[in-house]
Amino acid sequence: MRATAFVLLLALALAMMFSIECATQRQQVDCSYYKKLPKGEEIFCSAIYDPICGSDGKTYNNDCLFCTKVRRTDNKLKFVHFGKC
């Protein structure tokens, strides 16, 4: 009985640690993948809606569209926050 309770508490503690880590990771958009693509190459983005607010005051539907615009503006466009502007 004690061993079962210990295992359950340990599993709960580990689950909390991982969920907190995942929640804090998303503080910035990582556009490094898009910077590695050859210039002039067409980028096709998915239709997944996960809004990002850019420093131009516009809301981008997802990180792909945001990073594509960052690339076109030579990194002048900056990340403000996740969600609508």
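A quick note: this is a predicted structure, and the numbers were derived from the prediction, not measured. Start at 1 with the first residue, then count along the sequence.
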Polar side-chain atom of D63 near backbone of V29 as donor-acceptor pair, under 3.5 Å: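 Absent.
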
When the side chains of residues 73-85 are checked against the rest of the protein, which donor-acceptor pairs come out under 3.5 Å, sequence neighbours left out?
| residue | atom | partner | partner atom | Å |
| --- | --- | --- | --- | --- |
| T73 | OG1 | K69 | O | 3.1 |
| T73 | OG1 | V70 | O | 3.1 |
| T73 | OG1 | L77 | N | 3.3 |
| K78 | NZ | N75 | O | 2.7 |

Pairs touching residues 40-63 that satisfy ring-ring contact (aromatic ring centres under 6.0 Å, His included), sequence neighbours left out: Y60-F66

Shortest non-hydrogen contact from L65 toward C45: N-SG, 3.7 Å

Rounded distance (nearest 0.5 Å) linking atom SG of C64 with atom CG of D50: 12.0 Å

Approximate separation, where rounding is to 0.5 Å, of R71 CZ and I43 CD1: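 The distance works out to 4.5 Å.
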
